[in-house]
2 protein chains.
Amino acid sequence: MSLETDFEAVHTLADKVCAELCMAIERGELRPGDKLNEQALVERYGGSRIPIREAIQKLEARHLVKRIPHAGARVVKHTLKELRDIYEVRQELEGMACRLAAQRMSDNAIQALADLLAAHATTIAHDKGQSYYQKAGDLDFHYRIIQGSDNHRLQRMLCGELYHVVRMYRYQTSTSKQRPLQALAEHQRIVEALAARDAELAELLMRRHIQVSLNNLERLMKEELAS
Amino acid sequence: MSLETDFEAVHTLADKVCAELCMAIERGELRPGDKLNEQALVERYGGSRIPIREAIQKLEARHLVKRIPHAGARVVKHTLKELRDIYEVRQELEGMACRLAAQRMSDNAIQALADLLAAHATTIAHDKGQSYYQKAGDLDFHYRIIQGSDNHRLQRMLCGELYHVVRMYRYQTSTSKQRPLQALAEHQRIVEALAARDAELAELLMRRHIQVSLNNLERLMKEELAS
DNA sequence: TTTACTTGCATTGTATACAAAGATACTATT
DNA sequence: AATAGTATCTTTGTATACAATGCAAGTAAA
């Protein structure tokens with residue numbers, strides 16, 4: 001099961017087109033501000049305009065596009081302030097998820113998370129600069145903790161709404177060489193807190209981890225703007 | 001500007017039907033588990049199936065209905081666990097909003113909030129048992145604090161997604177005679193914390209306020225189940 | 001009597017066609 | 001030359017029609 005397919009069964013054409021467009025946006029093939037012309041999408045993905053429109057509406061629910069009546073849909077474009085807002089909420093909700101996970105995850109699940117990090121360590125040692133897989137590993141780590149919160153609504157808000165936008169920025173910004181190693185160290189401290197069932201510490205560490213992530217993102221965005 | 005119309009301009013038929021259905025669900029005219037038959041809705045609200053389907057999709061984005069491919073849409077039905085999950089998230093996000101509001105709201109806005117509570121006090125003294133307007137007042141209070149957080153994403157998540165579901169339960173459960181007075185006292189303490197710019201206390205008080213709200217809701221639901 | 005299969009019906013998903021709103025380009029006037 | 005107004009054209013919103021899926025009722029066999 002890949003994170004790409006979004007763990008959702010696809011039964012209708014609208015679902016399929018939605019998944020395709022979602023990937024295209026997250027990967028940066030469709031960039032912020034780009035227009036989604038319905039007729040053009042029909043020619044690209046097949047089908048008729050009806051399922052295409054449904055797909056666009058689903059993307060709107062995921063906060064990936066903004067629709068304006070009679071003017072069409074465009075890929076969302078965030079100001080720096082809005083990006084900070086998103087990360088502020090993400091900090092709160094993932095901090096919460098981590099706190100709850102410390103109280104509710106099974107010992108086995110925590111052990112499995114520790115094993116996952118060990119695997120990441122060897123991956124980073126071998127594939128220096130293969131940032132794509134490292135990013136996927138990072139997402140997997142966060143995903144498991146969110147699942148560990150055992151709060152279904154929290155899971156939907158984080159995985160179903162916030163994370164699509166977060167992924168959109170993560171995939172597109174380059175990662176510095178030393179960041180994966182630093183992130184791994186932070187992940188390991190979080191797992192230690194989980195294993196110790198120290199909910200307060202686990203929450204604090206997760207919040208800081210995400211703060212660092214935002215700082216990096218802001219720096220990279222400024223560099224790209226400058227170049 | 002009424003809370004009912006959801007402060008969103010309505011330019012298309014789909015938007016209009018969505019707003020109508022939203023009200024119907026929040027008011028309990030459509031009850032959890034009820035099916036939304038597209039043809040029936042066409043006969044009730046006019047238009048054709050296309051805008052009706054769009055309206056239903058918008059309701060899905062608000063977490064008010066659940067659609068299953070080839071099986072139709074039904075009003076969401078929450079287990080007690082899921083209701084607790086929702087309030088757990090609400091506690092976190094409104095606590096956050098209150099903390100941020102203590103740091104970011106203008107002095108004028110805080111004063112206006114205090115004035116609003118004074119008005120509520122006289123309303124409660126006069127309209128004993130007129131719980132509808134008291135509930136509207138409560139929503140207005142929470143709404144203003146959320147706006148005060150100055151975090152647009154947080155506002156969208158709370159007002160655009162969580163609150164529709166919360167309202168759905170609030171309108172339908174009766175309120176005890178003494179609860180409005182107790183709630184007002186809690187609101188007043190929160191405003192005092194905001195005025196003192198005590199973010200930590202403001203967050204704590206808001207979290208407790210929502211916890212009380214959940215306890216009341218659980219008690220009422222159990223009573224209704226028993227009867 | 002129960003169960004499994006088949007057939008018909010109701011409902012949703014999709015395609016095509018038409019209406020209306022917005023954008024653009026051109027012309028006329030100041 | 002600049003601007004306002006108008007006409008055309010593109011694009012979205014909506015209606016109607018068809019296809020396909022799922023559900024239910026009814027029948028036949030065990």
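Convention: sequence-line order gives letters A, B, ...; per-chain numbering from 1.
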Starting from C1' on C:dT12, measure out to CZ on B:R74 and report it in whole angstrom.
-> 13 Å
Starting from the C-alpha separation in whole Å, work towards a yes-or-no answer on salt bridge (charged side-chain N to carboxylate O under 4.0 Å, His left out) for A:R84 and A:E218.
-> CA-CA 9 Å; A:R84 288 202 189 103; A:E218 281 198 29; 2.8 Å; yes
Decide, yes or no, whether a salt bridge links B:E223 with B:R219 under the criterion of side-chain N to carboxylate O below 4.0 Å.
-> yes
Note down the inter-axis angle between the two ends of the helix from C:dT1-D:dA30 to C:dT30-D:dA1, five pairs each, to the nearest 10°.
-> 10°
Step by step, work out the side-chain contact (heavy atoms from CB on, under 4.5 Å) result for A:Y163 and A:L139.
-> CA-CA 9 Å; A:Y163 249 64; A:L139 287 172; 3.5 Å; yes
Should the pair B:E88-A:R104 be classified as a salt bridge under the 4.0 Å nitrogen-to-oxygen rule?
-> yes
Give me the distances for all protein-to-nucleotides 11-18 of chain D N/O pairs that come in under 3.5 Å?
| from | atom 1 | to | atom 2 | distance (Å) |
| --- | --- | --- | --- | --- |
| D:dT11 | OP1 | A:N37 | ND2 | 3.4 |
| D:dT12 | O3' | A:H70 | N | 3.4 |
| D:dG13 | OP1 | A:H70 | N | 3.3 |
| D:dG13 | OP2 | A:R53 | NH1 | 2.4 |
| D:dG13 | OP2 | A:R53 | NH2 | 2.9 |
| D:dG13 | N7 | A:R49 | NH2 | 2.9 |
| D:dG13 | O6 | A:R49 | NH1 | 3.0 |
| D:dT14 | OP1 | B:L13 | N | 2.6 |
| D:dA15 | OP2 | B:S48 | N | 2.6 |
| D:dA15 | OP2 | B:S48 | OG | 3.1 |

Those residues that, when tested against B:N37, pass side chain to side chain donor-acceptor pair (under 3.5 Å) (two or more places apart) = none
Starting at atom CG of A:D15, determine the distance to atom C1' of C:dT12, rounded to an integer number of angstrom.
-> 13 Å
Any side-chain donor-acceptor pair under 3.5 Å between B:Q111 and B:D115?
-> yes
Check whether the ring centres of B:H187 and B:H209 lie less than 6.0 Å apart, and answer yes or no.
-> yes
Main-chain N/O of B:D85 paired with A:R153 side-chain donor or acceptor, under 3.5 Å = no
